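Okay, structure first, notes after.
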Amino acid sequence: MDPRRGPLAVPKVRRVDAAAGPLAVPKVRRVGFFTSIEPSPETPRPNRSLSGPAEAITSSSPLSDSPSGQFISPVQIPPSRHHSDNLASRAAPVPVPGPSAFRRQLANDRTLHVGSYNPVDSLLGTSPPSSNGEVSEDSGSLFGFQRSDSAKLSASFPNGGFDMTVAVRAPGESEAKVATASTSDGRKKNVEASGESESVATKPRKEKETKSLKEKTSKAERRAIQEAQRAAKGEGSKRAGESSRPKPSKPAKQPPPKKEAPQVTSSVSEKRAVSVEKERRMDVPQTQMQYDDKSRVDKAKRRSVVEQTESKNKVELFLHLPQYERGNQLPNLSSNIFTLDTIHHAVYKVGLQHLAGDIAGDNARCIAMLHAFQEAINDYTTPPMKDLTMDLTAKINGYVSFLIECRPLSMSMGNAIRFLKNQIRKLPVDLSEPEAKASLCSEIGRFIDEKILLADKVIVQHAVTKIRDGEVLLTYGFSCVVEMILLYAHEIGRKFRVVIVDSRPNLEGQKLLRRLVTRGLDCTYTHINAVSYIMGEVTRVFLGASSIFSNGTLYSKVGTACVAMVANAFSVPVIVCCEAYKFHERVLLDSICSNELGDPDAIANVPLRNNKKHSKTMDNNKNLQFLNLMYDSTPAEYISMIVTDYGMIPPTSIPVIVREYRREDLLL
Amino acid sequence: MPDVQSTVLEFVNKLRKRKIEGSQATAKCTVELLRSVISQQRVPHSNQASALIDAVKAVGEQLVAANPVELAVGNVVRRVLHIIREEDLSLATAAMAGLDLLDASDDDGEDDNCKGVGYSAMSAAVAAAAARSTLRPPSLQTLLEGTPESAAVPYTSSSGADSESKTADKSSITRKLKHDVIEGVNHLILEISGCHEQIAEQAIEHIHQNEVILTLGSSRTVLEFLCAAKEKKRSFRVFVAEGAPRYQGHLLAKELVARGLQTTVITDSAVFAMISRVNMVIIGAHAVMANGGVIGPVGVNMAALAAKKHAVPFVVLAGSHKLCPLYPHNPEVLLNELRSPSELLDFGEFSDCLDFGAGSGSPLLQVVNPTFDYVPPSLVSLFITDTGGHNPSYMYRLIADYYSADDLVM
C-alpha cells in the first residue's frame with residue numbers, strides 16, 4: 001500500500017450492522033461502507049414522484065440504464081471524473097477505466113487550468129496528492145502565504161513541470177490559458193471593486209502576469225484578453241455594486257496577503273506565486289456578508305432591488321445576520337415583475353418564491369434556481385463589444401445578489417452557483433454564443449440530474465440497507481431524501497414504524513406525516529420537546545441535511561442538533577442523508593456565527609386563547625424579542641454515519657470527500 | 001360549614017379533571033383541605049394521633065389516586081402526617097418530661113395562645129430534629145421505656161427540650177394535639193405560599209451582571225427569582241423557550257417583559273443552538289425525586305443534555321412541597337401524562353388519514369403529547385430550595401427532614 005494513501009484510509013463506521021459490511025471488491029478502493037445491492041427486477045425503484053417541485057423533472061438517467069447500475073457505492077479513491085460508476089462509464093467509452101487511465105485522462109483534460117501539474121502524480125495514477133500537498137504547502141508558506149489549502153495547492157505544484165502537460169495536449173493549450181487569464185481577470189475585478197488605491201497597486205502585477213502569458217499566447221488571443229480586461233475595468237465600478245458575494249471577503253481577507261506577497265516573493269517565483277495565490281483565493285469560499293458592518297450594509301442597500309425595512313426590535317446576538325420586516329415587500333415586488341430590467345423574469349419569479357416561502361427544502365430551492373438560470377442563459381445575448389464569459393458572470397452575479405436579497409442562499413445553492421461560474425469561466429473562447437449557451441444549459445441540467453436526482457437515488461439504495469424489519473425510525477421535520485428512503489423501504493416490504501418529530505413554526509413534519517400515512521406507513525407524530533420521551537423506543541434516527549461542513553458539522557434545520565443529541569444520549573445511531581454537492585469546505589463550530597433568521601412574527605403568533613393581545617401590545621416593547629432561527633449545527637460526534645452518493649461514511653471523512661471530489665465537481 | 005366529605009369529593013373531581021394547574025396551587029388546596037379534615041375529625045380520648053393519621057391517610061389516598069402524577073398532593077399529605085406524628089411525639093415527651101420536671105413546668109406560660117405561637121415558630125426546628133431521629137435507630141432510653149400512645153414512632157429524648165407542656169390530663173392533651181397539629185398545618189401553608197420569596201432571596205447570589213439565562217416552561221418561582229435579581233439592579237438577558245404545544249414560555253415572557261426584563265422568545269428547537277451563548281439554565285421543577293432527579297415541563301431533558309454538553313450550569317428551583325420522598329422508576333412513562341393530540345394536530349386536517357387505518361384494525365397515526373420530562377440527577381448542577389442550595393446527591397437527606405419514614409408508602 002502506498003504510504004501516501006494513509007490519510008485516505010477512512011475508519012469504518014462500526015456501529016452499523018456487520019451484515020451490510022463491505023463485500024470487498026479489490027479493484028476499486030472505496031470509502032466507508034457501501035452496499036452492493038442486486039436489485040431484483042421486481043423491486044421497484046425509488047422514485048421521486050412524491051417529493052415536491054422535483055416532480056416535474058424526470059430523471060434523464062435512470063439508475064438501471066447504466067451498465068454498472070447494479071453496482072452502486074463506488075467511493076473510489078482515484079478521483080473519478082464523474083463521481084459514480086455508472087456516470088463514469090456512460091461518459092467514457094471504457095466501462096470501468098483503470099485508475100491510472102483516469103488520472104491520465106484527467107491530466108490531459110484539465111491540467112493547464114491549474115497552471116502546473118506534477119507529472120509523477122499523473123503517472124502514479126491513484127496516488128492522492130497528500131505528500132505533494134505538504135511540499136507545496138511548505139513552499140507556499142515560504143512565499144508568505146498563510147492561507148493554504150493543500151488540496152488545491154497540491155494540484156498547482158509550484159516547482160512541477162509546467163511544460164510537460166502542455167506538451168501532452170497542444171490543442172487544449174489556448175483554452176486553458178484563456179481560462180487562467182480570465183480567472184485573473186475575475187480576481188482583478190474584485191480588486192478594483194475594493195477601491196482605487198488597491199487597483200493601482202495591483203496594476204504592475206497584472207501587467208507582469210499578462211507578460212508572462214505572452215510567450216505562449218498568440219496575438220489574437222492576447223488581444224481578446226486585453227479586450228476582456230478593458231471591458232472588465234469599464235464595468236468595474238458598476239459591477240462592484242452588483243456582485244455582493246465576493247464583496248464581504250475583501251476587507252477581511254484580501255489585504256494581508258497582498259501586502260506580504262510582493263515583499264517576500266522573489267522575482268523569479270513571483271509569477272508563479274501570484275497565480276497560485278489567485279488560484280487559492282478563488283477556491284477559498286468567500287465569507288458571508290456581516291450585517292453589523294454598517295458601511296457594507298449601506299452599500300448593499302443602495303443597489304438592492306428588494307426594499308427591506310429593518311426590523312425595529314433586533315436580537316442583539318444576531319446583528320450580523322439580516323433582520324428585516326417580513327411580508328411587506330412581496331406585493332410591491334410582484335407588481336414590479338413587468339418592469340424588470342436587470343433581473344431575468346425567471347430568476348425574479350424564483351426569488352419571489354423564495355421570499356414568500358413557496359419553495360422550501362434545499363434541493364427544491366437549488367433546482368428551482370438552476371432552472372431559472374437555465375432559462376436566463378437561454379434568453380441571454382451578449383451585448384456588442386462584450387465578452388460572453390465576463391458579461392454572463394456579471395449577470396449571474398446580479399441574479400445571485402437578487403436571490404440573496406430575497407432569502408439568504410443555502411450552502412448547497414452556493415455550491416451550485418460556484419459550479420455554474422466555473423462552467424462559464426471554462427467556456428472555450430472559440431465557441432459561438434449559441435453553442436456556449438447550449439453547453440451551459442446542458443451542464444446545468446447534468447448537474448441537476450447527477451448531483452441531486454441521481455444522488456438521491458443512490459442514497460436511497462444505500463440507506464435502505466440500514467432499515468430492518470421491526471425497527472422504529474425517527475425523523476425530524478421534512479427531508480425529501482428521508483421521505484424517499486422511507487417510502488422505498490415500505491415498498492420493498494420492510495416492516496417498520498416511523499416517528500416524526502416536528503417543531504414550530506413551520507411544522508414541516510405534518511407534510512411528511514400526511515404523505516407517509518396516506519401511503520400506509522405506521523406513523524407516530526410528536527413535537528420536539530417530547531423527543532426524549534419517544535427516543536426510548538426508537539432504533540434509528542434518519543436526518544436530512546442542508547449542508548455538511550468539512551469539520552463534520554451538520555448544518556441543518558433548527559432542531560436537528562437537539563434530536564441528534566438526545567439520540568446520542570439514548571445510544572441510538574444517527575444516520576444523516578446528504579447529497580455530496582451539499583458538502584462545503586467551510587468549518588463551523590456553533591449555530592450563531594452562520595445562520596438565517598426567519599420571520600419573528602411566526603413565533604409571536606401562537607394559537608393561545610388569551611394571547612390575542614400579547615403580540616399586539618408587546619410588539620413595540622423594546623424588551624421583548626422573538627428569535628426565529630432557521631438552522632443549527634450538529635457536532636460531528638453525534639453523527640454515526642453519513643449516507644451520501646459516494647457511499648456511507650463517518651463524518652470525519654467529509655474533508656476527504658470535499659478534497660478529492662470537489663475539484664472534480666467544479667471542473668466537471 | 002360544608003361537609004368535609006363533599007369538599008373532599010369536589011377536590012378529587014377537580015384533580016381528576018386536571019382543573020388545578022401547577023404544583024403550588026395544588027399543594028395549597030390540599031393543605032387547606034386536610035386542615036379542614038383535621039379540624040372536623042372527632043378524636044377519641046385514647047390514641048388520638050392514630051385516629052387523625054388514619055383520617056388524613058384515608059383522604060390522602062383518595063387525592064393521590066385522583067391524580068397520581070401530581071406528586072405535590074402526596075408530598076403534602078405526607079407532610080401533614082409527619083406534623084401529626086411530630087406533635088404527638090412532642091406531646092408525649094412533654095408529658096413524660098412534665099412528670100419528671102413538675103416543678104420546672106410550673107413557671108411556664110399558662111394560656112394556649114401563647115403556646116401556639118411558640119409552637120408554630122419552633123415547628124421547623126422540631127420537625128428537623130424529629131426527622132433526624134427517624135433516620136436513627138431508637139435510643140437505648142426509648143427502647144427501655146417505651147411509650148403507650150406512639151409505640152410505632154421512634155423518637156429521642158432530645159426533642160423534649162423544646163416542649164414545655166405541663167398538662168397531664170387526657171382531655172387537655174386531646175385538645176392540645178389537634179390544636180398543635182392545626183397550627184403546624186397553618187405553618188405549612190405559610191411555608192408553601194412563601195416559598196417563592198425565600199427562593200428568590202437567593203437569586204442575587206447566583207445571577208451575575210450581563211448574564212444570559214435560559215429558561216423554559218412557565219414557573220412562578222422562576223419568575224420571582226429572575227425579578228428578584230432584576231430588582232437588585234442586576235441587568236441580564238433571558239431566553240425563554242416557548243414550550244410548544246402549550247406555549248407557557250410566552251406567558252412567562254410576557255410577565256418578564258412586564259417587569260422590565262430583557263426577554264427573547266426562542267423556539268424549543270433552538271435550545272441547542274442558543275445554549276452555547278447561555279450562562280445558566282434555570283428551570284422550575286414540577287417535582288424533585290429523592291434521588292435528585294427532576295420532573296419538569298416537557299423539553300427539560302433536552303435543555304439539560306444541551307447544558308451538560310456545553311458545561312452550562314443547570315439550576316432547578318423547587319419549593320419544599322415539591323420534594324418527593326419516592327425514588328423514580330421509569331419516570332418518563334410512569335410519572336407522565338399524555339395530553340390531547342389536538343394540541344399538536346388538527347383533527348379535521350388529518351381525519352382522512354385516520355380513516356385509512358380503520359380497515360386494518362390498528363390506527364396508522366399516533367400522536368404523542370406528554371406533559372412532563374424527567375431529568376436524571378447527573379444532569380442537574382444545583383437545586384435551590386427555600387432552605388438554600390443543594391447538590392442532587394443531597395436531596396435524599398433533605399427529604400428525610402420533611403417526611404417520616406412510616407408514610408413513604410401510603
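As the structure is a computational prediction, the values presented were derived from the model and not from experiment. Below, chains carry the letters A, B, ... as their sequence lines are ordered, and counting in each starts from 1.
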* **SB check A:Arg515 A:Glu483 (cutoff 4.0 Å)** => yes
* Asked: Salt-bridged, A:Arg407 to A:Glu596, with N to O below 4.0 Å?
  -> yes
* To do: Flag the one option from B:Asp373, B:Leu305, B:Asn369 with the top tally of heavy-atom pairs under 4.5 Å to chain A.
  => B:Leu305
* **Interface moiety of B:Leu338 toward chain A, non-hydrogen atoms closer than 4.5 Å** => side chain
* **Selection from B:Gly299, B:Ala303, B:Gly260 maximising heavy-atom pairs under 4.5 Å formed with chain A** => B:Gly299
* Structure fact -> Okay, B:Ser276 and chain A: the region with an atom under 4.5 Å from a heavy atom over there is side chain
* Contact class of A:Val531 relative to chain B, heavy atoms under 4.5 angstrom -> side chain
* Is it the backbone or the side chain of A:Ile534 that comes under 4.5 Å from a heavy atom of chain B, or both, or neither? -> side chain
* Could you check which of A:Gly559, A:Cys562, A:Ser591 has the highest count of heavy-atom pairs closer than 4.5 Å to chain B? => A:Cys562
* Asked: Tell me, side chain or backbone of A:Ala530 under 4.5 Å from chain B's heavy atoms, or both, or neither?
  -> both
* Who among B:Leu216, B:Thr371, B:Val333, B:Leu345 has the most heavy-atom pairs with chain A under 4.5 Å? -> B:Leu345
* Asked: Of the backbone (N, CA, C, O) and the side chain (C-beta and beyond), which part of A:Ile603 lies under 4.5 Å from a heavy atom of chain B, both, or neither?
  -> both
* Asked: Relative to chain B, which segment of A:Thr560 carries a heavy atom at a distance below 4.5 Å: side chain, backbone, both, or neither?
  -> neither
* Asked: What part of A:Ser503 lies closer than 4.5 angstrom to a heavy atom of chain B: side chain, backbone, both or neither?
  -> side chain
* To do: Dump the intermediate steps for side chain to side chain contact (heavy atoms under 4.5 Å, CB included) on A:Ile548 and A:Tyr555, then the final yes or no.
  => CA-CA 6 Å; A:Ile548 302 184; A:Tyr555 183 74; over 6 Å; no
* **When B:Val300, B:Val238, B:Val368 are compared by non-hydrogen pairs under 4.5 Å with chain A, the top option** => B:Val368
* **Qualifying residue, where the test is side chain to side chain contact (heavy atoms under 4.5 Å, CB included) with B:Leu256 and the options are B:Leu251, B:Leu223, B:Val265** => B:Leu223
* **B:Ala244 backbone acceptor or donor facing A:Asn529 side chain under 3.5 Å** => yes
* Check: B:Ser269 side chain, B:Thr267 main-chain N or O, donor-acceptor pair, under 3.5 Å -> no
* Just by modelled atom types, is the A:Asp590 backbone N or O under 3.5 Å from a matching donor or acceptor in the A:Ser633 side chain? -> yes
* For A:Leu589, does the CG atom sit with more than 12 other heavy atoms under 6.0 Å from it, leaving out its own atoms? -> no
* To do: Name the option with the most non-hydrogen atom pairs under 4.5 Å to chain A; the candidates are B:Asn336, B:Val367, B:Val298.
  => B:Val298
* **Region of B:Ile275 in contact with chain A, defined by heavy-atom distances below 4.5 Å** => neither
* To do: Please determine, among A:Asp632, A:Ile592, A:Val566, the option with the most heavy-atom pairs under 4.5 Å with chain B.
  => A:Ile592
* To do: Could you tell me whether the side chain of A:Met411 reaches within less than 4.5 Å of the side chain of A:Ser594, counting heavy atoms only?
  => yes
* Classify the angle between the aromatic ring planes of B:His286 and B:Phe372 as parallel (below 30°), tilted (30 to 60°) or perpendicular (above 60°). => parallel
* Structure fact -> Of B:Arg237, B:Met274, B:Arg277, the largest count of non-hydrogen pairs under 4.5 angstrom with chain A goes to B:Arg277
* Does B:Lys309 make a cation-pi contact with A:Tyr638 (under 6.0 Å, within 45 degrees of the axis)? -> yes
